[in-house]
> 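After the structure tokens below, expect a handful of questions from me.
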There are 2 protein chains.
Amino acid sequence: MSDTSRVGGRQPSDWIESFAARFEAQEGMPLIAGRILAFLLICDPVERTAAELGAALSASSGSISTNVRLLLARGLISKTTRRGREAAVYQVREDAWANVMLRRLESVAEVSELTTGGLRMLSGQGDRADRMRKVDEFYSWLSGELSQLRGRWEAHSRRR
Amino acid sequence: MSDTSRVGGRQPSDWIESFAARFEAQEGMPLIAGRILAFLLICDPVERTAAELGAALSASSGSISTNVRLLLARGLISKTTRRGREAAVYQVREDAWANVMLRRLESVAEVSELTTGGLRMLSGQGDRADRMRKVDEFYSWLSGELSQLRGRWEAHSRRR
DNA sequence: TCGTGGCTTCAGTGCAGACTGAAGCTAGGG
DNA sequence: CCCTAGCTTCAGTCTGCACTGAAGCCACGA
């Protein structure tokens, strides 16, 4: 099948592993979740059943079940059920990707809530609060910047 | 000592735990590393020895050694050695904080290297590359935005 | 050259979570 | 109302990592 053969001079299976490794490091995802995501980005046809995912990635049905649910919860893939005894199929929600990642970025700036609280805790402590003030200033600024990102992405994608 | 007493109506030890929990979730840091960082943000005086950190956070000398090194490697704290047999002291590098975090954010956009590579891998596959193209478009845009952030932070902090 | 304080190293422990695979559940078809 | 395909659940295994604390190492002072 074309999914595991050479395409464009590179092994898709290598690409899948790289992708999974990156998502493990960056998002703390299990490797299998990253593999599912990567596979669903390049497979043809775009929709796959749980059994097909398990076969393609050499993972157990339990693992597929768990990780597919994780990806569904994050909003990165969708599940389409079909009538009768047919298996449900999964596919990448490429349109939701930006949303999910932007939300994740915004959460980084939530540290500003902690630093602002810390600043209040140290109020009246004079110089002692200097460190906290500097860090808080950064996170407060970052918080504003990141919330603007979403608007800019919408403008950017509308523009084309 | 004032570090563990009530300040501004909130327990610093609770704040330290919240801070550590957030950094564990967000940065994948060990809890103790987050505690050290939090403690160094609010302690008085600002410099502390490894032994003091261990005592304040109820952690073993080995744990302090490991996690202090992790924070040094990330550039979030500095180590100052002193002459003779005196213990080295650690303190927060509040000025480096923005730099470290911006670099971390930029690494998120490195996924664009994978998606661009994936796109090349799927070249000539027509519709099959549509998913990848959309995701790649987002990461490429994000990559540009995040690299601009650094410039904007410098402008912002110079302005005040 | 020895003594000592401070730091790092490392073997050992415990725990968390990723993964498996079989058993159980669910829902449509006969 | 049973059969069966497909999915989920769960107990068990295993790997990896955070943490400990004691032993070793290093550097300075005497």
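Quick caveat, the model's predicted, so the values are computed rather than measured. Lettering of chains follows the sequences in order, A, B, ..., and the numbering in each one begins at 1.
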> Output all residues satisfying side-chain contact (heavy atoms from CB on, under 4.5 Å) with A/E113, sequence neighbours left out; order by chain, then residue number.
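If we apply the side-chain contact (heavy atoms from CB on, under 4.5 Å) test to A/E113, skipping adjacent residues, the hits are A/E110.
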> I'd like to check the ring pair (Phe, Tyr, Trp, His ring centres under 6.0 Å) partners of A/F23; sequence neighbours left out, ordered by chain and number.
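Ring pair (Phe, Tyr, Trp, His ring centres under 6.0 Å) check on A/F23 returns A/F19.
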> Taking B/S61's backbone N and O only, do any of them form a donor-acceptor pair with B/S65's side chain (distance below 3.5 Å, no angle check)?
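Answer holds: no.
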> Give the rounded distance in Å between these two atoms: CG of A/L70 and P of D/dT9.
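Those two atoms, CG and P, are 14 Å apart.
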> Got a sec, which residues hit side-chain contact (heavy atoms from CB on, under 4.5 Å) with A/R74, two or more places apart in sequence or on another chain?
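Result, side-chain contact (heavy atoms from CB on, under 4.5 Å) vs A/R74: A/E27, A/M29, A/L70, A/L76.
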> Report the residues that fulfil side-chain contact (heavy atoms from CB on, under 4.5 Å) with A/S147, sequence neighbours left out, ordered by chain and then residue number.
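For A/S147, no residue satisfies side-chain contact (heavy atoms from CB on, under 4.5 Å) once neighbours in sequence are set aside.
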> Salt bridge (Lys or Arg N to Asp or Glu O under 4.0 Å) with B/E106: which residues, sequence neighbours excluded?
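B/E106 satisfies salt bridge (Lys or Arg N to Asp or Glu O under 4.0 Å) with B/R150 only.
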> Just the table, please: protein N/O against nucleotides 17-22 of chain D N/O, every pair under 3.5 Å.
unit_1: D/dT20; atom_1: OP2; unit_2: B/S60; atom_2: N; d: 3.0
unit_1: D/dT20; atom_1: OP2; unit_2: B/S60; atom_2: OG; d: 3.1
unit_1: D/dT20; atom_1: OP2; unit_2: B/S63; atom_2: OG; d: 3.0

> So, OP1 or OP2 of D/dT9: does either fall under 4.0 Å of a side-chain N or O from A/R69?
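So the side chain of A/R69 is within the cut-off, an N or O lying under 4.0 Å from OP1 or OP2 of D/dT9.
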> From C-beta outward on B/A50, which listed nucleotide comes closest to its side chain: C/dT9, D/dC7, C/dC7?
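For B/A50, the side-chain atoms sit closest to C/dC7.
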> Does a side-chain N or O from A/K79 land closer than 4.0 Å to OP1 or OP2 of D/dT8, or not?
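Checking D/dT8 against A/K79, a side-chain N or O does come within under 4.0 Å of OP1 or OP2.
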> Roughly, in whole Å, what's the span from CD in A/E52 to P in D/dC7?
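It works out to 10 Å between those atoms.
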> What integer distance in Å separates A/L71:CG from C/dA18:P?
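Rounding to the nearest Å, CG of A/L71 and P of C/dA18 are 13 Å apart.
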